Engineer: 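Dropping the structure in here first, questions after.
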Amino acid sequence: MSPRKEVPGARRAETPCAGAVPGAGRDVSSGRAVTSAPGRAGGAMAIFSVYVVNKAGGLIYQLDHYAPRADTEKTFSYPLDLVLRPHDERVVVAFGQRDGIRVGHAVLAINGAEVNGRFTADGKDVMEFLSNPANYPVSIRFGRHRLSSNEKLMLASMFHSLFAIGSQLSPEVGSSGIEMLETDTFKLHCFQTLTGIKFMVLADPRQAGIDSLLRKIYEIYSDFALKNPFYSLEMPIRCELFDQNLKLALEVAEKAGPFGPGS
């Protein structure tokens with residue numbers, strides 16, 4: 001993690017959000033962790049997901065905003081020409097790519113029956129089942145692993161801890177934490193208010209206007225969550241108007257990049 005500072009003690013001026021909590025803002029003296037730089041070739045720009053984490057590190061809202069990539073199903077004869085390995089309670093492709101099946105894809109179904117982690121629908125171990133020549137030919141569906149609710153909660157809590165560690169590691173006094181994590185396939189952007197609420201957006205590395213989008217999400221949170229008489233602070237956000245306006249903001253950001261005047 002390589003901390004980043006613009007000017008020691010400098011802060012970015014912001015226009016207050018409608019309905020925002022008084023005194024809320026953003027300290028831009030944040031750390032920036034970068035794992036790799038090159039952008040992905042091909043494909044449309046997109047915003048993948050949004051996370052809202054409370055000041056205690058609990059996930060209070062999450063939205064997946066991308067169409068999942070199509071799964072690939074093929075019929076194989078013995079021996080299987082892909083190398084599979086158990087990984088994090090699921091079976092994934094460790095070596096060999098063909099017909100849309102890529103390294104890292106998980107086994108999602110066998111012979112049309114959904115796979116539950118490392119086990120088939122009838123409780124058999126996937127690795128043992130696929131190592132038996134008597135079970136061939138076999139139809140296997142591969143695809144990206146879908147995060148469970150518990151995994152999303154764990155990842156949000158993990159980032160909360162990394163955010164705090166980044167603040168402590170910064171050589172500059174007053175660093176608020178990680179502002180962006182960058183990989184070759186996505187960027188994670190984080191906006192923390194002075195009250196400790198974190199808004200995170202995962203987007204294509206080339207997607208423009210994420211800083212404006214984060215402020216827009218904060219405005220939507222202030223207008224449709226904080227002003228909701230039935231909403232309790234630090235609790236999960238369940239508000240239809242919040243959902244509707246957030247989805248609209250994401251669509252606008254994908255089409256136009258930075259928000260224009262009056263957006």
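Note that the structure is predicted; figures quoted are calculated from it, not measured.
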Engineer: Evaluate the side chain to side chain contact (heavy atoms under 4.5 Å, CB included) criterion for residues Leu233 and Leu226: first the C-alpha distance (whole Å), next the side-chain angles of each, then the deciding distance (0.1 Å), finally the verdict.
Structural biologist: CA-CA 8 Å; Leu233 288 175; Leu226 295 184; 3.4 Å; yes
Engineer: Just checking, is any N or O donor in the side chain of Gln62 or Asp64 under 3.5 Å from an acceptor N or O on the other one?
Structural biologist: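 Looking only at side-chain atoms, Asp64 and Gln62 do form a donor-acceptor pair, the distance falling under 3.5 Å.
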Engineer: Donor-acceptor check, side chain of Tyr78 to backbone of Leu130, threshold 3.5 angstrom: yes or no?
Structural biologist: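 A pair under 3.5 Å: no.
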Engineer: Flag the pair Val53 / Ile60 as yes when at least one side-chain heavy-atom distance between them is below 4.5 Å, and no otherwise.
Structural biologist: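 When only atoms from C-beta onward are counted, Ile60 and Val53 do not touch, as no gap falls below 4.5 Å.
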Engineer: Just how far is it from atom NE2 of His105 to atom CZ of Arg141, taken to the nearest 0.5 Å?
Structural biologist: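 If we round to the nearest 0.5 Å, His105:NE2 and Arg141:CZ are 12.5 Å apart.
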Engineer: Lys247 versus Leu63: any side-chain heavy-atom pair under 4.5 Å?
Structural biologist: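 With C-beta onward as the side chain, the pair touches.
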Engineer: Please go through Phe230's hydrophobic cluster and name the other residues, only I, L, V, M, F, W, Y counting, with side-chain heavy atoms under 4.5 Å joining them.
Structural biologist: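 None; Phe230 is a cluster of one.
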Engineer: Near Glu114 CD, under 6.0 Å, is it more than 12 heavy atoms from other residues, nucleotides or ligands?
Structural biologist: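 Yes.
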Engineer: Got a sec, which residues hit ring pair (Phe, Tyr, Trp, His ring centres under 6.0 Å) with Tyr51, two or more places apart in sequence or on another chain?
Structural biologist: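 For Tyr51 there are no ring pair (Phe, Tyr, Trp, His ring centres under 6.0 Å) partners, ignoring immediate neighbours.
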Engineer: Does Met127 reach the side chain of Leu84, with side-chain heavy atoms less than 4.5 Å apart?
Structural biologist: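 The answer is yes; the side chains approach within 4.5 Å.
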Engineer: With hydrophobic residues grouped by side-chain heavy-atom distances under 4.5 Å, do Leu241 and Leu250 end up in a single group?
Structural biologist: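 Yes; Leu250 is reachable from Leu241 via cluster members.
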Engineer: So, do Ile178 and Cys190 sit near enough that their side-chain heavy atoms are less than 4.5 Å apart?
Structural biologist: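 No, too far: nothing below the 4.5 Å cut-off.
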Engineer: State plainly whether one hydrophobic cluster holds both Leu162 and Phe186, where clusters connect Ile, Leu, Val, Met, Phe, Trp and Tyr through side-chain heavy atoms under 4.5 angstrom apart.
Structural biologist: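 Yes; tracing contacts between hydrophobic side chains, which count when under 4.5 Å, links both residues.
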Engineer: CD/Glu89 to CZ/Phe119 distance, rounded to the nearest 0.5 angstrom?
Structural biologist: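 So the gap between those two atoms works out to 8.0 Å.
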Engineer: Spell out, yes or no, whether Val138 and Val126 are grouped together once hydrophobic residues are joined by side-chain heavy atoms under 4.5 Å, including indirect joins.
Structural biologist: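 In one cluster with Val138: Val126, yes.
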Engineer: Gln192 versus Lys55: any side-chain heavy-atom pair under 4.5 Å?
Structural biologist: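 Result no, sub-4.5 Å side-chain heavy-atom pair not found.
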Engineer: Got a second to check how far Cys239's SG is from Ile220's CD1, nearest 0.5 Å?
Structural biologist: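 Separation between the atoms: 11.0 Å.
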Engineer: Treating Ser167 as the side-chain partner and Phe163 as the backbone partner, does any N or O pair qualify as donor plus acceptor under 3.5 Å?
Structural biologist: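 No; zero donor-acceptor contacts below 3.5 Å.
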Engineer: On the 0 to 90° scale, with breaks at 30° and 60°, tag the Phe191-Phe199 ring pair as parallel, tilted or perpendicular.
Structural biologist: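 The arrangement is tilted - the two ring planes meet at 30° to 60°.
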Engineer: So, for Ala46 and Gln207, which heavy atoms are closest and what is the spacing to 0.1 Å?
Structural biologist: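 Smallest interatomic distance, heavy atoms only, reads N-OE1, 3.7 Å.
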Engineer: Answer yes if Phe76 and Phe129 sit in the same cluster of Ile, Leu, Val, Met, Phe, Trp and Tyr residues linked by side chain heavy atoms under 4.5 Å apart, and no otherwise.
Structural biologist: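 Yes: a chain of side-chain contacts under 4.5 Å links Phe76 to Phe129.
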Engineer: Find the distance between CG (Leu246) and CZ (Phe224) and round it off to the nearest 0.5 Å.
Structural biologist: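 One gets 11.0 Å once the value is rounded to the nearest 0.5 Å.
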Engineer: Yes or no on side chain to side chain contact (heavy atoms under 4.5 Å, CB included) for Leu202 and Ile47, after CA distance, side-chain angles and deciding distance?
Structural biologist: CA-CA 6 Å; Leu202 276 70; Ile47 296 167; over 6 Å; no
Engineer: Between Lys74 and Asp81, is a salt bridge (charged side-chain N to carboxylate O under 4.0 Å, His left out) present by the stated rule, with each step listed?
Structural biologist: CA-CA 12 Å; Lys74 298 289 181 183; Asp81 57 355; over 6 Å; no
Engineer: Hey, does Ile210 have a side-chain heavy atom less than 4.5 Å from the side chain of Leu213?
Structural biologist: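 Yes - at least one pair of side-chain heavy atoms lies under 4.5 Å apart.
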Engineer: Is there a side-chain contact between Val91 and Val115 (heavy atoms, below 4.5 Å)?
Structural biologist: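 A side-chain contact is absent here, since even the closest heavy-atom pair is not under 4.5 Å.
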Engineer: Using a 3.5 Å distance criterion without hydrogens, assess whether the side chain of Ser157 forms a donor-acceptor pair with backbone atoms of Met154.
Structural biologist: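 No, Ser157 side chain to Met154 backbone: no donor-acceptor pair under 3.5 Å.
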Engineer: I need the minimum non-hydrogen distance between Glu182 and Lys187, along with the two atoms involved.
Structural biologist: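 Between these two residues, the closest heavy atoms are CD-CE, 3.5 Å.
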Engineer: For Asn116, look at atom CG and say whether over 12 heavy atoms of other residues, nucleotides or ligands are found less than 6.0 Å away.
Structural biologist: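 Open: at most 12 neighbouring heavy atoms sit under 6.0 Å from CG of Asn116.
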Engineer: To the nearest 0.5 Å, what is the distance between NE2 (His160) and CD1 (Ile165)?
Structural biologist: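 So the gap between those two atoms works out to 10.5 Å.
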Engineer: Does the pair Tyr61 and Asp243 meet the rule for a side chain to side chain contact (heavy atoms under 4.5 Å, CB included), with working shown?
Structural biologist: CA-CA 10 Å; Tyr61 185 86; Asp243 291 335; 2.6 Å; yes
Engineer: Within the supplied structure, the quantity of interest is the number of heavy atoms (other residues, nucleotides, ligands) at a distance under 6.0 Å from Lys152 NZ; does it exceed 12?
Structural biologist: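 Yes.
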Engineer: Just do the side chain to side chain contact (heavy atoms under 4.5 Å, CB included) check on Phe142 and Leu108 with the steps written out, would you?
Structural biologist: CA-CA 5 Å; Phe142 294 91; Leu108 303 178; 6.0 Å; no
Engineer: How far does CD1 of Ile110 sit from CD of Glu73, to the nearest 0.5 angstrom?
Structural biologist: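 If we round to the nearest 0.5 Å, Ile110:CD1 and Glu73:CD are 10.5 Å apart.
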Engineer: Report yes or no: does Ser222 contribute a side-chain atom to a donor-acceptor pair with the main-chain N or O of Tyr218 at less than 3.5 Å?
Structural biologist: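 Yes, because the side chain of Ser222 sits within donor-acceptor range (under 3.5 Å) of the backbone of Tyr218.
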Engineer: Are Phe242 and Tyr231 side-chain neighbours, meaning at least one heavy-atom pair lies under 4.5 Å?
Structural biologist: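 Heavy-atom side-chain distance check fails, nothing below 4.5 Å.
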Engineer: Check whether Asn111 reaches the backbone of Ser139 with its side chain - one donor and one acceptor, N or O, closer than 3.5 Å.
Structural biologist: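 Judged by distance alone, yes, a pair lies under 3.5 Å.
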Engineer: Answer with yes or no whether the hydrophobic clustering places Ile140 together with Ile101; edges join I, L, V, M, F, W, Y residues whose side-chain heavy atoms lie under 4.5 Å apart.
Structural biologist: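 Same hydrophobic cluster.
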Engineer: Check for a donor-acceptor pair, side chain of Glu234 on one end and backbone N or O of Gly58 on the other, with a separation under 3.5 Å.
Structural biologist: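 It does not hold such a pair.
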